[in-house]
Amino acid sequence: MTKKQSAVLQGVAILMMVYHHLFSFAVEYDSLLPFVQADTARRMAWFCKLCVGIFAFVSGYGIYYVLKSRQEERFWGRLLTEYRGMLLRILRLYGKMWLVLAIYMWIFFGLLRQTFMPEQLLGNLTALNPTYNGAWWYVEQYAKILLVLPLLDLLLTRFEQPGQRRIKWTFFAVIMLAGAGGMLVGRLLWPELWVLMLGLLKSLRVSFLLISVVGYLTARYALFQRADRQLRRLGVWAPVCVSVALLIFSATLRVRLATDAAYARIDFLLTPLLIYGILTLLSYAKPLCVFLAWWGRQSTYIWLVHGFVFGFLYYVVKPYVRLDFGIYLVVLLVSAAVAVPLRLLEKLPGRLYAMCKKEEKK
């Protein structure tokens, strides 16, 4: 998967995300198509929850190549290098969220004079309890993905020196024994510890964490490339036919199994099938790839701001028209219009710094 293909997938995911958030709880829906009514729109929105799976899979897939570039042969050196890089990536995403948060607070509490509740600030700054925008829960999840994947990478990395291999297996043995011992003590002697450990396990959101692990393993073992080579031996059109079948199968199964808007139980199995099908079919539609890649490049800020845009437009438009597909397009366009200047604003300090350095050299 190239960077351009990753952007394409993120473009698909952000289009799905906006639809998911708009129509997951639709009770009324007007459409030019008579078969798309409230229940159908709601089911489509539940299916679009796979957008989170696509983002998690792409993250896991890309992180493999980031970690692969580490050349450190010592276990502790590699551990520190990998986590230093992951922490920088986490801070980069939090920086984007904090930029949006600062603008939101300036508008909402400064210009509009809404009541500010100090007790909510920390939860929003950390994304542990994002009351201002519920979609920010994935900021915390992304951080957890980046903290877990280096451990998987270290577990699967073969160290050539026997001493380093011993250090690696000792490290993981200690982690496993500490975890098992903590659970045993909590279960038998310390109920509060047991409750705490169950809470930590639940907070990992294993359904989404597994998708990123599958993405990492898909990249590490070149599963897409191997599948594509095997299919092409059967004929030029074999990958296309299989991709169509995979899309129909994964979409049908997901729609039939989903019981609510948050359903994600088997997404770690369906997401790679869906992604392989999308990438294969889109490889024959270059103009559509360019279109989706553009949306993919704006996807982070669209994700961070579209909840505010939707909330505003919903209350403005709702008294006059029923919730319909036109609102979806408006939310997308307005969110993109906000995302583009935010991307430019984010890059402004770096550009100013580069200009200052250039002037100093002169």
Identify the heavy atoms of [X] and [Y] that sit nearest to each other, and give their distance.
{"X": "V331", "Y": "S335", "result": "O-OG, 2.7 Å"}
{"X": "Y328", "Y": "L22", "result": "CA-CD1, 3.4 Å"}
{"X": "V240", "Y": "Y284", "result": "CG2-CE1, 3.4 Å"}
{"X": "L151", "Y": "Y83", "result": "CG-OH, 3.2 Å"}
{"X": "W136", "Y": "P130", "result": "CB-CB, 3.8 Å"}
{"X": "P272", "Y": "F57", "result": "CB-CE1, 3.8 Å"}

### Task
Look at D153 together with R220 and state whether they make a salt bridge at an N to O cut-off of under 4.0 Å.
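Looking at D153 and R220, the cut-off is met.
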
### Query
Salt bridge or not for R254 and D267, using N-O below 4.0 Å?
yes

Transitively linked via ILVMFWY side-chain contacts under 4.5 Å: [X] with [Y]?
{"X": "L270", "Y": "L217", "result": "yes"}
{"X": "V290", "Y": "L9", "result": "no"}
{"X": "L146", "Y": "L200", "result": "no"}
{"X": "L155", "Y": "L80", "result": "no"}
{"X": "W237", "Y": "L231", "result": "yes"}

Taking [X] for its side chain and [Y] for its backbone only, find out whether a donor-acceptor pair lies under 3.5 Å.
{"X": "W295", "Y": "I14", "answer": "no"}
{"X": "Y301", "Y": "R343", "answer": "no"}
{"X": "K168", "Y": "R158", "answer": "no"}
{"X": "S250", "Y": "L247", "answer": "yes"}
{"X": "R165", "Y": "F159", "answer": "yes"}

Spacing of [X] atom [atom1] and [Y] atom [atom2] [to the nearest 0.5 Å]:
{"X": "S212", "Y": "K144", "atom1": "OG", "atom2": "NZ", "result": "12.0 Å"}
{"X": "L128", "Y": "L122", "atom1": "CG", "atom2": "CG", "result": "7.5 Å"}
{"X": "L50", "Y": "I211", "atom1": "CG", "atom2": "CD1", "result": "7.5 Å"}

### Query
Taking it one step at a time, do F23 and M44 satisfy side chain to side chain contact (heavy atoms under 4.5 Å, CB included)?
CA-CA 8 Å; F23 303 125; M44 290 166 58; over 6 Å; no

Hey, what's the ring geometry for [X] with [Y], parallel, tilted or perpendicular (30° and 60° as the breaks)?
{"X": "W137", "Y": "F208", "result": "tilted"}
{"X": "Y132", "Y": "Y104", "result": "tilted"}
{"X": "F171", "Y": "W76", "result": "perpendicular"}
{"X": "H21", "Y": "H306", "result": "parallel"}

Counting only heavy atoms not in [X], do more than 12 sit closer than 6.0 Å to its [atom1] atom?
{"X": "W294", "atom1": "CH2", "answer": "yes"}
{"X": "F25", "atom1": "CZ", "answer": "no"}
{"X": "F109", "atom1": "CZ", "answer": "yes"}

Counting C-beta onward and ignoring hydrogens, is there a side-chain heavy-atom pair between [X] and [Y] closer than 4.5 Å?
{"X": "L201", "Y": "L204", "result": "yes"}
{"X": "L156", "Y": "Y221", "result": "yes"}
{"X": "F224", "Y": "I275", "result": "yes"}
{"X": "L274", "Y": "F47", "result": "yes"}
{"X": "I302", "Y": "M17", "result": "no"}
{"X": "L304", "Y": "N133", "result": "no"}
{"X": "I63", "Y": "M86", "result": "yes"}
{"X": "R113", "Y": "F108", "result": "no"}

#### Entry: Check against side chain to side chain contact (heavy atoms under 4.5 Å, CB included), L209 and V148
CA-CA 8 Å; L209 189 61; V148 168; 4.1 Å; yes

### Query
Is the distance between the ring centroids of W303 and F308 less than 6.0 Å?
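Centroid separation for W303 and F308: 6.0 Å or greater.
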
